[in-house]
Amino acid sequence: MDLYDSLNPQQCEAVRHFEGPLLILAGAGSGKTRVLTHRIARLIEEEGVNPWNILAITFTNKAAGEMRERVEQMLGSAGSVWVSTFHSTCVRILRRYIDLIGYSTNFTIYDGDDQKTVMKEVCKRLQIDTKVYKERFFLSAISAAKDELTGPEEYALKAQGDFRMQKVAQVYREYQAQLKSNNALDFDDLICKTVELFRSVPEVLESYQERFRFIMVDEYQDTNFAQFQLVSLLASKYRNLCVVGDDDQSIYKFRGADIGNILNFEEYFPDAKVIRLEQNYRSTQSILDAANEVIRHNAGRKEKKLWTANPNGERVKFRQFMSGPDEAEYVAETIAGKTRSGEWNYGDCAVLYRTNAQSRLLEEKLLLSNIPYKIVGGVNFYARKEIKDILAYLKTIANAEDDLAVRRIINVPKRGIGLASVSRVQEYAIAHETSFYEMLKNADKIPGVGRAALKMRGFVELIQTFRSKADFYTIKELIEDVLEVTGYVKELENEGTEEADERIANIDELLNKAAAFDEEFGGDEAPGRDGEDGRPLLDVFLEEVALVADIDSLEENPDHVVLMTLHSAKGLEFPIVFMVGMEDGLFPSYLSISSDDPMEIEEERRLCYVGITRAKKELTLTSARQRMVRGEVHYSKVSRFVEDIPEEMLLKQDDFKVQRSPERPAKAQNQTAYQQAREAFRAKVFVPQQFQVKKAQALDYGVGDRVRHVKFGDGTVEAIVEGGRDYEVTVEFDRVGQKKMFASFAKLVKL
């Protein structure tokens, strides 16, 4: 096959370009990897360029491997073409020449855990209170400084007059000194030190300029300042720099990505040729039209408009619901109905959301509908560390016999109780055949525990205090009290990192779950804080969570619905896409809306564009009029990004013949505009199927019988407890061990 047979005219033009700077603006799904690999092949085959003189830089090892594999398929061998990531490229250079700037060539590369260890030592040496300034806060600030090629001394000059920055400058200087003493580099140093090497030793730079006469950079919109400087230095002699990217898909500002690198490319290289790849091979025209309408509202972008030879397809659907649970139930029911009818497979579907915390409702509804799913780029909601920590507190309050829960939180947040002391108490508990918690009460009598005994006593008193409140607090109030007294959220806030913010959002979502549970069981008026069967509500809550959360042992099903954040979805594609939570305040976020920097909203809009262009055949946007935030009901407008799409391009709820609530009153003719708006807001746009547990008169199996479960397989019934609303059945399964479940959910079949 001819090299150009599979290329469109614009792709051919990009591949045929030989010398001089080249900017390829590659829209979503426009075949940019194909262009890069064909360009490498043409340089070697037709222009006679030595493979040794070609450098192709990508962002991930996977992308580098795929590119090298494609080149080898075309040429038979990629030869000595250097295809690697930014960091791998820098490591290879530094291994040869870093001794010229004061390091040994056998330097160590520190990963995240190594960095934390060094930072702990630095904070201890500088007598910094890590309860006020977390190690992660310093590491994040230092990483941001290195992205800008700002060293410790320059940072200290910028920090004058700012106490917090001065503290960072002090730590930064000591941290770098410790790395130098250890002959070690962190990942940010790999690029910084390479730039420093090139600037300090011109002979080394010149040797690599001669080596890499043709340079190609993929995903250029995601480069930061340090990476831009590195590439600019390498390309400054021959200027044969080809960068490929899409400014409309620049969504990693929080990681240091600078969209200015691609927007201002023609300022840095005035003679650059610009080629736009606008033909999309992925989506229907209806989906692309919606994407084009959303992104055109951004001011800071290069003009381009996606089109396709694919069919127009269905219009983009938009549905608005009264609440978050209604929205999640609609997604689950739609997927269930379409898969039952054979129109879709589970693996065709992806549900995208702005924050990981949004997955909780979706997970619960998918589980209730028996729909297999997988979370990409995250972990299941109830398996996240912060959620397991808070639930461990609740389990300890409800049942201190749970040694696993007690041991998990005895030093969370840190109380100065070491692992050696914990192990000593555990050994004594086992020897005396008592619980770990009971032994904590007598820790002062255990040899070898020492001063930790006093801290253990404080922990026991803390749990006893929580336990005394549990009879009078709602579940939400109890969780809030745990968070307040232990300082769990305060500690996360002190970290000041994106990861910490994500964890706080997950905790807020757990509060939403608790508030919904409290409402179900009577809110603040629930008498005696007991459930219908007389058990404490805390036990009922933990049991309900356990039934939803116990999914780790389910068989991996290759045909599953994918749940992921919009950031994680970049570079992927799916036939069917749901984008949920399309509300102002959630997407775009409150922070971006309230920011004085218009670039914040533009970044969010680019993220929306990325989400829309993941869909190949069908796209549904959904929003909720009201949503729980930290256990409180918040009301939201439809996202401005939905409003960006013209009415004629959307298939809105009226086109669906939406089932209206039968009790909705007719609108009075004499209502004021305010009353009409209020009434419209109260009306349910979507009436979900009401799920009700129907308790059986009797079960057709008993203790000792063999039964079969659709997921867990065969097992033996060990116990049956009759509750107010349902039977609780305990089964010892042959394959996955013991499980407790409600009979109406389990649908066990007697063998």
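Since we're looking at a predicted model, the values are computed, not measured.
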Basic-acidic side-chain contact under 4.0 Å: Glu600, Arg605
no

Using side-chain heavy atoms (C-beta onward) and a distance below 4.5 Å, is Arg354 in contact with His567?
yes

Point to revise | Electrostatic pair Arg276:Asp246 at N-O distance under 4.0 angstrom | key: no

- Item | Check: Ser286 side chain, Gly313 main-chain N or O, donor-acceptor pair, under 3.5 Å | yes

Exercise. Would you call Lys616 and Glu573 a salt bridge, taking side-chain N to carboxylate O under 4.0 Å as the test?
Worked result: yes

Discussion item. Tell me whether Arg42 is salt-bridged to Glu47, with the criterion being a basic N under 4.0 Å from an acidic carboxylate O.
Written reply: yes

Donor-acceptor contact below 3.5 Å, side chain Ser283 vs main chain Leu288: no

Test side-chain contact (heavy atoms from CB on, under 4.5 Å), reference Leu361, set Glu327, Met628, Glu509, output is Glu509

Ring pair (Phe, Tyr, Trp, His ring centres under 6.0 Å) filter on Trp82, not counting sequence neighbours, yields Phe212

Give a yes or no answer on whether the side chain of Ser88 reaches the backbone of Ser84 with a donor-acceptor pair at less than 3.5 Å.
no

Heavy-atom nearest pair, Asn224 first then Asn261, reads O-ND2, 3.2 Å

Hits for salt bridge (Lys or Arg N to Asp or Glu O under 4.0 Å) against Glu499, two or more places apart or cross-chain, chain-then-number order -> Arg136, Arg503

(request) Mark yes or no for whether Asp248, through its side chain, and Arg606, through its backbone, hold a donor-acceptor pair below 3.5 Å. (result) no

inquiry  = Could you check whether Phe641 and His297 have their ring centres less than 6.0 Å apart?
reply    = no

Checklist entry - Any sub-3.5 Å donor-acceptor pair from Ser369's side-chain atoms to Leu366's backbone N or O? => result no

Just checking Tyr220 against Phe59, ring centres under 6.0 Å apart?
no

d(Leu619 CG, Arg614 CZ) to nearest 0.5 Å is 11.5 Å

What one should report as the nearest heavy-atom pair of Asp348 and Phe574 is O-CB, 3.8 Å

Correct closest heavy-atom pair for His17 and Gly20 would be NE2-O, 3.1 Å

Ignoring hydrogens and angles, write down the donor-acceptor pairs under 3.5 Å from the side chains of residues 582-590, residues two or more places apart or on other chains.
residue : atom : partner : partner atom : Å
Glu583  : OE1  : Arg627  : NE           : 2.9
Glu583  : OE2  : Ala624  : N            : 2.8
Glu583  : OE2  : Arg627  : NE           : 3.4
Glu583  : OE2  : Arg627  : NH2          : 2.4
Asp584  : OD1  : Arg640  : N            : 2.9
Asp584  : OD1  : Arg640  : NE           : 3.4
Asp584  : OD2  : Arg640  : NE           : 3.2
Asp584  : OD2  : Arg640  : NH2          : 3.0
Ser589  : OG   : Ser592  : N            : 3.3
Ser589  : OG   : Ser592  : OG           : 3.3

